[in-house]
Each structure stands twice: as C-alpha cells, then as structure tokens.
Participant: 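A single structure is presented below for examination.
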Amino acid sequence: MALGAITLATYYHDLYGVARADQLIYFYRTAKINDFWNLTFGAFDFNRTHSIGDFALFRPGLYFLLGVEKWLWGYNLLAWQATSLGLHVAVVLSLFAYFRGCLRGVGATLECSWLPFAASAFFATLYAGSEMVAWQHLGGYLLFCLLLVQSAIWYRRFTARPSAGRAAVLVICATLAAFTYELGVAGLGAYALLCALAAMRNRTDRRLYTLAAGHLLLAIVAYAAIDYLDYPAAATDLPHPPIERTAAVTVAYARQWTSEMFLPAATILYPGVRITADFKLSGTHPGNTMIVVALVAASLAAQRNRKRLRDVQMAVLFLGLGIVYTATIVAQRALPRGVEGQFFNNSYYAYTFALLFLLAAFHFVAVPCEPRTGPLAATIRSVIVVALLLISAIGAGKIYVLMFNERHGYAEPIEQLITRINGLVRQHRGERDFSFTVMPGCKGNPDLRWFSIQTTVKRSNYSIAWVMYPQYERDAGGKYLVRCDDASSGSGNRGSEASVRLVQESARAG
C-alpha cells in the first residue's frame, strides 16, 4: 500500500498529460479504425504496415495493448495516462514481491523487509526514466517490464517447487514478454539455459525441467518464424554498424544511464513534445554524491558474504539482459540516428536499463538476514536502505515538479481543447455534414511542423486538432467553430458535457 501511495503521489500530475510525438502519429493513422479486431489482431505489426519506421522491430504485444486502449478509451486521455501509471505501479509491486521472495528463499527474517521496500521505492521514483510513465505511447514497454518481473517470480517458484503448472506460467509470462518487446527473446533463451542446467543436476524433476526448457526454446522458434513471415521485403536496407563502435557506444550508454539513475540531482528533464534529458556530472549536489559514495561502500562491504549459486545465476541473467538491451538500443537507434540525439530525446530508455540493473544488483549485493551475520551486516543493510530511500526522496521531488510543469506549462491547453472537441464530436458526429474549425491562435492547437513527413496530405498547418480528427477538422469554414479560451477552467472538467457549451455554431452553419 505504501509503495502504491508513494508512486501515485509522485506521478499525480501525470494523470493530466496528453498525447505526444509517436502517439499523435498513432492516433492519426487509426483515426478511421475503431473496431476491436482491426485495432488489435489486425494491427499486430502496425509499425510495418503503417510505415511509421523501425521496420526491423516486431512487437505484436505492444501494438495489441495500444489497440485495446484505443478501443476502450478513444481520446479519453485521462484513461490513457491512468493505464500507464497503473502499469508502472504493477511493475513496482511485482519488483517488491520478487525481492521479498528472494530473501524469504534464503531464510531471511522479517527485519529485512526494508531492503525490498527501499529498492522498490528507488525504482518507483526513478527520475531519469520517468518519461516511460509519462508518455502514454510507451505503455507496451511497461507491460514488457511487468511480464519480465513476473517471469522471474515464476521461475523462482518453479525451481523452488517444480510442477507443471508453475512451469506453464513461467513459459506463458516469458513468451508474452518476448512478443511484447524483442529483448524478451533473450530472456527466453536465458531461462531455457537455466532449466537445461537444472535438468542435468536434478534427477528427481529432470523431466519437468527438460519440458520447460523445450517449451521456452519453442517459443523462440515461434517468435522468429512469425517475425520472418511478416517481415516486409522493403525493409532490407538496414544499417550495419561496426562491432567496435557498437561496443564503445554501449559502454557510454550504460555509464550515462547508471549515473542518471543514482544522481538525480545532476539530471534535468525538460517537458514538452518529448521529455528530454540533460545530464551534467559537474552539477551534482554534494549531498547526492555523499549518498552514492555511502551506497557503493556498503554494497562492496556486503560482498564479504558467500553468494548462493541461484543468486549468482540470476544476477548474471539480468546483467546479461542489461548488456543486450543497451547494445540493441545502440545498434537499432543510436548509431544510425546519432548518439547525441538519442541521449537527449529518449530519456525513457533509462527505465528498462534501471530495472535490469536493479535486479542484477540485488542478487549481487543483498545480504541474507540471519542471526549469524552479526551487527556489521545489519549496519551494512541499514546504510544501503537509508541511501536508497534518500535517493528516492530526491527523485520523487524532481518527478513531482517535472509532472507539474508538464501539466501546467505544456499539456493543460491541449487537454482542454481535446476535451471540448470530444464533447462536440460525441454530440454531433451523426450529422452528415459534421465538421469543425478551431479558432485561430489557440494555444492548445499548436502547429506540428514535423508531422508533414508522416502524411501525404499537404496543408499549411498540421495542428493537433487535425492530427487527431482529420476526418472532421477544417482549416476554415467548418460547420462548428471551437472557441478556444486558454484561461478557462482547468482539466478537472475533463470529459464534462458542459465543455460542449464552449463550442458555437459558425455563421455558415446558421
């Protein structure tokens, strides 16, 4: 309950966010698609069939989730934002459950409960990756993270007490993760390898481990086969960066994200069309630096305890996934598009990296809470917990301010305009000649100049109203005129029918 409350309080203002960047492209491309089948199963390869780029990627689960949300919520932006925030809370609570399970598995006492809480709170208030939660178009990545943590939970349950049911849930979670985000394919391979090694060591449950490994490998084959069959012939001209360059930039990315994760005082995020990042190590607050130094010292001191084979295996698994994730981002995006732009424009990458880093670090660092560890171990644990909670407090404060500025400095005028148009569309879209024009100079209807490359329609103004309602919006002469009053009542009136009164019929309609 406390973790959920902390997360919701930190991201409260995010509930009043709006569609940005790729989400606007998605709304434009699906403006005339409203039935469940065509939004979900019919659009599993949306990035390929609708030419929005990234042809090499295959993420049917991600686009299935977007389709379900579009079918359920339409343009109810509050519901979209709440879904993303809800997924983030689910990831945080799953992480907490996983950490508790790890310590319980080594006979930890209840006094250790603060370590899983502190680590989960640290992730819940991660400032560097907060755009992942704020940008509704990235809900599929959050779903992947949730499935990844759930697969780790079920792997531990399966290996602790093997059964066909637990193996089935593991395979299902890991497979859904792979079909949501391609990094999950590496996860399938890692779990298959661990199950195969367990089968060689464990005679009693060898058959169960072997079957689990076989099904995990079959899931990899299924993903590769479907991806290959769906792969468009036009997407063969892809960049092939040199291995040395990829490795160098991968190290740079990992160093950048790690620094941002633990030094929120040195990180600045700017709201707008995208939440962009600026990291300056020289600008680190001395207090934040001292906290990190204490955390590192305590983590190194914790290594005096012997680690169990299972902890080492899981630490290597998540560390390996972190390396694969970073290298994949570099190979797919940073090298062909430029490293600097990716650091600045895509701050959400830090979210997944931080999750994998934290999972690996927990297995490397966590100290079993047993009486024989003595007061030194208890002191080490306390230092780690306090350091994580202090960094969490810094991150929570910065996220709250960021989301406040995002809401009132960027999103609010757009949210008000979309609310008014939604009310107008619900009331009048049955009219054969229904159309509308937004009053010129409306702050909530900026010109998206970059959108010209996303459409073949030639216009003088690619406004948000046109992007979201291309079938109804007119540059001039629409049947209804949306009179935009940017100083009117706030977003608490979202979806209210009273907003329809802000729309006046134009003289032409009279």
Side-chain angles (χ1 to χ4, degrees), residues 14 16-33 46-47 50-54 63 66 69-70 73-78 80-81 84 131 134-139 269-277 333 337-338 341-342 344-348 402 405-422 424-425 435-478 480-486 491 494 503:
D14 177 51
Y16 301 96
V18 294
R20 299 180 282 123
D22 290 0
Q23 184 69 2
L24 291 172
I25 300 174
Y26 180 79
F27 280 154
Y28 175 73
R29 299 292 173 85
T30 61
K32 296 182 180 179
I33 305 175
F46 184 87
N47 59 307
H50 287 75
S51 302
I52 64 171
D54 297 327
Y63 289 107
L66 283 176
E69 290 188 85
K70 173 74 185 302
W73 315 133
Y75 289 162
N76 182 345
L77 302 181
L78 174 61
W80 281 89
Q81 298 294 135
S84 292
E131 185 182 27
W135 190 356
Q136 59 187 237
H137 193 69
L138 305 180
L269 298 181
Y270 302 96
V273 176
R274 286 192 176 185
I275 295 179
T276 53
R333 303 186 67 87
R337 303 183 186 209
Q342 298 310 307
F344 185 73
N345 289 321
N346 294 312
S347 60
Y348 62 87
L402 173 67
N405 292 335
E406 170 83 6
R407 174 184 177 182
H408 295 288
Y410 173 75
E412 196 166 53
I414 298 173
E415 184 275 334
Q416 290 178 4
L417 175 66
I418 299 305
T419 296
R420 297 168 189 176
I421 296 176
N422 282 343
L424 178 67
V425 171
S435 62
F436 68 86
T437 296
V438 177
M439 185 174 64
C442 179
K443 185 178 179 182
N445 196 35
D447 182 11
L448 308 176
R449 298 182 183 276
W450 57 268
F451 205 87
S452 60
I453 63 174
Q454 302 295 333
T455 177
T456 58
V457 178
K458 301 300 180 182
R459 288 172 57 95
S460 60
N461 179 20
Y462 296 90
S463 66
I464 282 184
W466 177 78
V467 167
M468 296 184 69
Y469 304 89
Q471 68 272 49
Y472 300 132
E473 194 272 352
R474 303 290 182 270
D475 265 335
Y480 296 93
L481 176 66
V482 179
R483 298 190 182 279
C484 188
D485 180 6
D486 294 314
S491 54
R494 185 191 296 261
V503 182

Participant: May I ask you to decide whether E415 forms a salt bridge with R420, counting only side-chain N to carboxylate O separations under 4.0 Å?
Facilitator: no
Participant: Check the pair V18 / I418 against side-chain contact (heavy atoms from CB on, under 4.5 Å), numbers first and verdict last.
Facilitator: CA-CA 9 Å; V18 294; I418 299 305; over 6 Å; no
Participant: Looking at S84 and Q136, what are the two nearest heavy atoms and their distance?
Facilitator: OG-CA, 3.6 Å
Participant: State, to 0.1 Å, how close Q471 and A31 come at their nearest heavy-atom pair, and which atoms those are.
Facilitator: NE2-O, 3.4 Å
Participant: Are the side chains of L66 and Q23 in touch, meaning some heavy atoms are under 4.5 Å apart?
Facilitator: yes
Participant: Could you check Y469 against L424 for side-chain contact (heavy atoms from CB on, under 4.5 Å), going step by step and ending with a plain yes or no?
Facilitator: CA-CA 12 Å; Y469 304 89; L424 178 67; over 6 Å; no
Participant: Please report the closest heavy-atom contact between P271 and E406, naming both atoms and the distance.
Facilitator: CB-OE1, 2.8 Å
Participant: Once you round to the nearest 0.5 Å, how far does CH2 of W73 lie from CG of L78?
Facilitator: 9.5 Å
Participant: Please identify which of these residues, Y16, Y75, W135, F27, meets the ring-ring contact (aromatic ring centres under 6.0 Å, His included) condition with W80.
Facilitator: F27
Participant: If you look at every heavy atom in V438 and A465, which pair is closest and at what distance?
Facilitator: CG2-CB, 3.7 Å
Participant: Could you tell me whether a side-chain N or O of R474 sits under 3.5 Å from a main-chain N or O of Y472, the two making a donor and an acceptor?
Facilitator: yes
Participant: Let's go through Y480 and V425 carefully: what are the C-alpha distance in whole Å and the side-chain angles of both, what is the deciding distance for side-chain contact (heavy atoms from CB on, under 4.5 Å) to 0.1 Å, and is it a yes or a no?
Facilitator: CA-CA 10 Å; Y480 296 93; V425 171; over 6 Å; no
Participant: Consider only side-chain N and O atoms of Y26 and N47, and report whether a donor and an acceptor are under 3.5 Å apart.
Facilitator: no
Participant: Which heavy-atom pair separates G477 from T437 by the least distance, and what is that distance?
Facilitator: N-OG1, 3.6 Å
Participant: Using 0.5 Å steps for rounding, measure from the NE2 atom of H137 to the CG atom of L24.
Facilitator: 10.0 Å
Participant: Please report the C-alpha distance between Y462 and W450 in whole Å, then the side-chain angles of each, then the deciding distance to 0.1 Å, and finally whether the side-chain contact (heavy atoms from CB on, under 4.5 Å) criterion is met.
Facilitator: CA-CA 8 Å; Y462 296 90; W450 57 268; over 6 Å; no
Participant: When rounded to the nearest 0.5 angstrom, what distance separates CZ in F451 from CZ in R459?
Facilitator: 10.5 Å
Participant: Could you tell me the separation between the CG atom of N461 and the CG atom of N445, rounded to the nearest 0.5 Å?
Facilitator: 6.5 Å
Participant: Nearest 0.5 angstrom please: I25 CD1 to T30 OG1, how far?
Facilitator: 11.5 Å
Participant: Tell me, do V457 and W466 make a side-chain contact under 4.5 Å, heavy atoms counted?
Facilitator: yes
Participant: So how far is it from R483 CZ to M439 CE, rounded to the nearest 0.5 Å?
Facilitator: 7.5 Å
Participant: If you compare all heavy atoms of S463 against all heavy atoms of E473, which two are closest, and at what distance to 0.1 Å?
Facilitator: OG-OE2, 4.0 Å
Participant: Do you see a donor-acceptor pair shorter than 3.5 Å between the side chains of E131 and S347?
Facilitator: yes
